[in-house]
Amino acid sequence: MIYCLEDDKGIRELMVYTLQIAGFEAQGFPESGAFWEALQRELPQLVVLDIMLPGEDGISVLRRLRNAPETAQLPVIMASARGSEYDRVIGLDLGADDYLSKPFGMMEMVSRIRAVLRRSQGQDAQDVLAAGEIRLDRARHTVSAAGQEVALTLKEYELLRILMENPGIVFSRDRLLQTVWDMNFSGGTRTVDVHIATLRTKLGGSGDRIQTVRGVGYRLV
């Protein structure tokens with residue numbers, strides 16, 4: 001479970017939606033009161049915490065989290081307007097695990113959450129994903145097929161990573177478009193097809209592991 005404490009309704013709903021289609025459970029809160037109530041019921045894996053909040057601000061929330069024994073080690077990613085260096089320094093000094101500068105892309109958020117969770121849960125050994133002769137190293141951001149390194153664009157890499165993290169799961173074109181591309185991207189689902197075709201070509205014979213599910217989307221086997 002990921003908790004998102006963000007007062008902007010549109011941003012908050014998009015964060016929760018993106019996390020859900022990326023495979024996480026997520027819940028959003030517009031202010032700290034509802035957040036503290038939820039924390040009593042369930043301790044999340046991680047909190048994405050906006051600094052500028054009505055009432056109790058994010059810095060105060062972070063300080064309370066770090067001062068309570070049960071949440072002292074809870075991973076927290078702070079979010080604030082780009083250029084707020086003072087807030088960033090204070091947040092990191094108080095023990096924030098990472099920092100997002102607004103406006104940020106949804107895939108950047110998901111990638112940072114995954115990275116913080118891997119560090120906090122000691123999962124470095126699981127950084128390398130494998131499917132047949134395909135190897136994807138999340139820590140080094142590299143891909144190889146049949147022992148040869150494959151140069152991918154960022155979007156191709158993210159598409160492959162999502163499919164490799166969820167083997168056998170069918171992803172619709174719309175879901176991949178929402179997850180991998182920027183929230184303001186205006187292209188159609190044909191964009192996904194073009195990137196998948198290029199990805200298959202670059203992976204050579206291993207590209208056949210990315211299967212088309214007619215009328216639905218794609219999966220990796």
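Between the K155 side chain and the V180 main chain, a donor and an acceptor come within less than 3.5 Å of each other. Side chain of K202 to backbone of A151: a donor-acceptor contact under 3.5 angstrom is found. Using modelled atom types, one side-chain atom of N166 and one backbone atom of I162 make a donor-acceptor pair closer than 3.5 Å. Without hydrogens or angle criteria, D8 side chain to I11 main chain gives a donor-acceptor distance under 3.5 Å.
The CZ atom of R173 lies 12.0 Å from the OG1 atom of T191; values are rounded to the nearest 0.5 Å. Rounding to the nearest 0.5 Å gives a distance of 12.5 Å between CE of M109 and CG of D98. Atom CG of L176 and atom CG of L163 lie 6.0 Å apart (nearest 0.5 Å). Within the model, atoms OG of S206 and CD of E133 stand 5.0 Å from one another, a figure rounded to the nearest 0.5 Å. Between L154 atom CG and M107 atom CE the span is 8.0 Å, to the nearest 0.5 Å.
In terms of the side chain to side chain contact (heavy atoms under 4.5 Å, CB included) criterion, residue partners of N67 (sequence neighbours excluded) are, by chain and number, R63. Under the rule for a side chain to side chain contact (heavy atoms under 4.5 Å, CB included), the partners of P30 that lie at least two apart in sequence or sit in another chain are R12. Legend: residues meeting salt bridge (charged side-chain N to carboxylate O under 4.0 Å, His left out) with E165, ordered by chain and number and at least two apart, are R114, R138, R161. Y157 is linked by a ring pair (Phe, Tyr, Trp, His ring centres under 6.0 Å) to H141, counting only residues two or more places apart in sequence or in another chain. Residues satisfying the salt bridge (charged side-chain N to carboxylate O under 4.0 Å, His left out) criterion with D174, sequence neighbours excluded, are absent altogether. Qualifying salt bridge (charged side-chain N to carboxylate O under 4.0 Å, His left out) partners for E108, counting only residues two or more places apart in sequence or in other chains: R112. R175 pairs by the side chain to side chain contact (heavy atoms under 4.5 Å, CB included) definition with I21, F171, S172, T179, not counting sequence neighbours. In this structure, the side chain to side chain contact (heavy atoms under 4.5 Å, CB included) partners of A68, at least two apart in sequence or on a different chain, are E70, T71. The salt bridge (charged side-chain N to carboxylate O under 4.0 Å, His left out) check on D7 picks up nothing, with sequence neighbours excluded. Residues passing the side-chain hydrogen bond (donor to acceptor under 3.5 Å, both in side chains) test with S60, sequence neighbours excluded: E56.
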Show which side-chain atoms of residues 208-221 pair as donor or acceptor with protein atoms under 3.5 Å away, not counting sequence neighbours.
{"from": "R209", "atom 1": "NE", "to": "V221", "atom 2": "O", "distance (Å)": "2.6"}
{"from": "R209", "atom 1": "NH2", "to": "V221", "atom 2": "O", "distance (Å)": "2.7"}
{"from": "Q211", "atom 1": "OE1", "to": "R219", "atom 2": "NE", "distance (Å)": "3.1"}
{"from": "Q211", "atom 1": "OE1", "to": "R219", "atom 2": "NH2", "distance (Å)": "3.3"}
{"from": "T212", "atom 1": "OG1", "to": "R200", "atom 2": "NH2", "distance (Å)": "2.8"}
{"from": "Y218", "atom 1": "OH", "to": "D193", "atom 2": "OD1", "distance (Å)": "2.5"}

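Taking every heavy atom of both residues into account, P44 and L39 meet most closely at CD-CD1, 3.4 Å. Nearest heavy atom pair, residue L199 against residue E156, reads CD2-O, 3.9 Å. Looking at every heavy atom in both residues, P167 comes nearest to M164 through CD-O, 3.4 Å. A79 and D50 make their closest contact through O-OD1, 2.9 Å (heavy atoms, listed as atom of the first residue, atom of the second, distance). Closest of all the heavy-atom pairs between S80 and Y99 is CB-OH, 3.0 Å. For the pair S32 and L5, the tightest heavy-atom approach, listed with the atom from each and the gap, is N-CD1, 4.1 Å.
Contacts classified as salt bridge (Lys or Arg N to Asp or Glu O under 4.0 Å) and involving residues 24-45 (residues at least two apart or in different chains) are not found.
Inter-residue side-chain proximity for D137 and V143 is flagged as unmet; no heavy-atom pair is nearer than 4.5 Å. Taking 4.5 Å as the limit, some side-chain heavy atom of M78 sits within range of a side-chain heavy atom of I51. The closest side-chain heavy-atom distance from E6 to L49 is not below 4.5 Å. Between V128 and L136, every side-chain heavy-atom pair lies at or beyond the 4.5 Å cut-off. Annotation: side chain of Q178 is not in contact with side chain of T18 (no heavy-atom distance under 4.5 Å).
Put simply, the residue from R118, R119, R66 that forms a salt bridge (Lys or Arg N to Asp or Glu O under 4.0 Å) with D97 is R66.
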Q: For side chain to side chain contact (heavy atoms under 4.5 Å, CB included), just list the numbers for V61 and W36, CA-CA rounded to whole Å, side-chain angles, deciding distance to a tenth of an Å, and then say yes or no.
A: CA-CA 9 Å; V61 171; W36 292 118; 3.9 Å; yes

Q: Evaluate the criterion side chain to side chain contact (heavy atoms under 4.5 Å, CB included) for residue pair I77 and L46; output intermediate values, then yes/no.
A: CA-CA 8 Å; I77 296 178; L46 180 145; 4.2 Å; yes

Q: Kindly indicate, with the supporting measurements, whether the criterion side chain to side chain contact (heavy atoms under 4.5 Å, CB included) is fulfilled by L14 and M106.
A: CA-CA 8 Å; L14 183 59; M106 292 296 104; 3.8 Å; yes

Q. Going through the distances and angles, do L65 and F35 end up as a side chain to side chain contact (heavy atoms under 4.5 Å, CB included)?
A. CA-CA 11 Å; L65 288 171; F35 168 77; 4.3 Å; yes

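In the hydrophobic clustering of ILVMFWY residues, with side-chain heavy atoms under 4.5 Å counting as a link, L100 and L117 come out together. No continuous path of hydrophobic side-chain contacts links V170 to L160 [ILVMFWY only; heavy atoms under 4.5 Å]. Following chains of ILVMFWY side-chain contacts shorter than 4.5 Å, one cannot reach Y17 starting from M1, and the two form parts of different hydrophobic clusters. Under the 4.5 Å side-chain heavy-atom criterion for Ile, Leu, Val, Met, Phe, Trp and Tyr, V16 and V47 are members of distinct hydrophobic clusters.
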